[in-house]
Amino acid sequence: MKKYTPDLYNEMNKEIKEAMLTVRDHGRAFVPFSTMYGWEHQKGTWAGRQFNATSVKKGIVYKMGKTAINKKGFRGYYSVVNKTAAGAIFETAGRKNPAGQPWAGKKKLGNKRFSHSSNPRAGQQFIANLDGVLVGSDKQKGRLIYRAWAKDNSIVIPKTLKAIEKATIEFNKRAKP
Amino acid sequence: MAQKENIIVSVGTEFDGKALAKAEKKLSDFEKTALKAGKVFAGVFAAQKIAAFGKSAVNEFIQSEKAAKSLGQTLTNIGQAYKSPAIDMYLKKLSLQYGIVDDELVPAYNTLLLSTRDTAQAQGILQTALDVSAGTGKDLQSVVAALSKAYVGNNTALQKLGIGLTKAQLSGAKFADLQKELNSLFAGQAAYAAQGYTGDIQKLTVAWDQFKESIGEGILKGLDTTNIDKLTASLVSLGNALGVVIGGLSGFLSYTFEGLSHPSWFLPKKAPGVPDAGSDRGGKAKAADQRAEALAKLQAKTAAAQTVAAKASTAAAKAQLLLSKAGSVLDVQQAEIYAALQNKITDNEKLRLELELALLTKNGDAAYSLSQQLLVSQLKTTELATTITNLPKALNPFADWPKYIQDLIAQMALLQKAIPGAPAVTPTTTTQNPYDAMFEKLKQQNIAMGIEPGAAAGLAASSSRLQAEADAYFKAHPEIDPMTGAIRSGFAGSAQATGASYTFNIDANNTIDPNSITKAVQDAILIINRNGYSTVPAGQGF
């Protein structure tokens, strides 16, 4: 379609983009203005992951094009991505361990499955202090874009399908001799 | 710091089998499930094959079910629904016996049943049809259609079938007689065809077909009890479900088809994988998308092929043009003509060359024009040659020289007469030069020796001249013996001393050497010129 009917292709992409931008905007809207002071003022190892509401919002973007193939063998074409590290943490923290990772203290260093904080309840406190709700199921559960997706998918999917169907019908019309 | 983009929601997803294959290699969840479910088949079927097989099986079952339902409805309509299980069993048995898939048998039986309204009679005609089909090689559907028409009195189709029944036989005969005739003609053909390797393969095909139908039935029954959207959302899910099914059927090959009658075996025991958000949107929509995508791909492929073909054609035409140009550049004749045109040539030659070039390059207009010009030029040239030929002979400025010389000699003779004691000078007479004969003779000898005529003449002239000089010398010095080169007796150094008078014998032929005279005249003219004197006597002129 891109090759033979670029106008249809562009029109379809435009319509899908419009639908997906809703998810992006709602995802951005779920980003809090501020969160824990410590996270916003990190230095050293966590300097690159410190939370900045503006950066996190900017990091939620709409993207068109093939994504990487997931473990189930699927790849997406029209996506909303949460790009920043802080955004990803905010999105998924507590998804696997709602009460934080099991505490191991300073032992077993390097093992990411355990909390090595001096505070045994650090993970739990961190999750509790996050201003957001995990919405969705399994790996589709999150506080930002997954939450937005859970909210909007019932609108976005029909719009997307409609755009695709419309383009397909038009393409077939033109393809007929 | 940007990290790997794994926090993502997507719409418009597609399944990528390659990724699944990779995932399989990495012992993903899918492979674990498949291995756990059916070790026998997991090694045989790749994930995609499983998915394709599953689809095929479902299709087989749907077609089979459609035909069976149609037959069941026919039986119901004619009030013989109670016979349905028996007929079903009969058809399955027949299918395996003759190696004919039920997709053919059931519709055929249904057609006959619609004509006869009698199951037993339909079975009899079906048997005949099977024999005729096997005997003639015609497909079962055609034979059944012809027989069903013949049953109701329309024998035309049977005649068209070309099975050895004459028009006369067909025109007045009852169907029962015709069937009897056909049975006698083709008896045992179907059974015979089902024997041997071919028959075995056909039977195996039927068995495989029934096996697939059973799997398809299991899948569809399984779908009734689970979330159909999730199952049809992805081929992974289908493959997964099939893995479970195949696991349950792993003992199939060593047992019987009876095992397939337990649909509970086919039910997936584990929820299938869930694709990304947005791709779980129902079977119909996905199927529509797939169809549209397939159509678009096909059209794109066709268009691409056409584009490629057009490009290839254009490229070939260009190549041909280039070759043609290259050929014209390398054309020897043309090259020669171009080279010749670079030289200094006459207008006529130029015209001729240009005409040749025009003919070589097939430039008709130019060739015609040049040929006309060449004709005109040739005419002009011919006239010029004629004129030159007819020109009067040019005057020879030296023609009178011998006369002058003779006059000069006569004057010298007169002077000699006037001087007392001077030797008499006799004017030379024009006689034949004796050395001419010598020259000719020597020349002929040289030619006879194989010397070129030019060289032979040169040698002969040289020899003649030497001889002439020698003769002149010895004539001037009679005291020298020409044979020995010694001074003759009586001459040795005494002539001047004794003051003896000389006796000169002057040969009229050799008194004065013409060459010497010529040389003397030339020398005289040179001297005159050198000194600035005029060769023209005063008061005279040419």
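It should be emphasised that the depicted structure is a prediction, and the values quoted were computed from it without experimental measurement. All chains are named by letter (A, B, ...) in the order of the sequence lines, taking the proteins before the strands, and each is independently numbered beginning at 1.
Enclosure of atom CD in A:Glu165 is not indicated, since only 12 or fewer non-hydrogen atoms of other residues, nucleotides or ligands lie within 6.0 angstrom.
Within the 4.5 angstrom heavy-atom criterion, only side-chain atoms of A:Thr92, from C-beta onward, approach chain B. Contacts between A:Tyr78 and chain B at a heavy-atom distance below 4.5 Å involve backbone atoms as well as side-chain atoms. Heavy atoms of A:Met1 lying under 4.5 Å from chain B are absent altogether. Heavy atoms of A:Leu144 lying under 4.5 Å from chain B are absent altogether.
B:Lys69 pairs by the side-chain hydrogen bond (donor to acceptor under 3.5 Å, both in side chains) definition with nothing, not counting sequence neighbours. By the side-chain hydrogen bond (donor to acceptor under 3.5 Å, both in side chains) test, B:Thr302 is found to be paired with no residue, residues two or more places apart in sequence or in another chain being considered. Partners of A:Ala122 according to the side chain to side chain contact (heavy atoms under 4.5 Å, CB included) rule, which considers only residues two or more places apart in sequence or in another chain, are A:Ser117, A:Asn119.
Residues of residues 26-45 of chain A never come within less than 4.5 angstrom of chain B, heavy atom to heavy atom.
With rounding to the nearest 0.5 Å, the separation of OG in B:Ser10 from NZ in A:Lys66 is 13.5 Å.
The heavy-atom pair separating B:Val11 from A:Ile16 by the smallest distance is CG1-CG2, 4.2 Å.
A donor-acceptor pair under 3.5 Å is absent between the side-chain atoms of A:Tyr146 and the main chain of B:Ile7, judged by distance alone.
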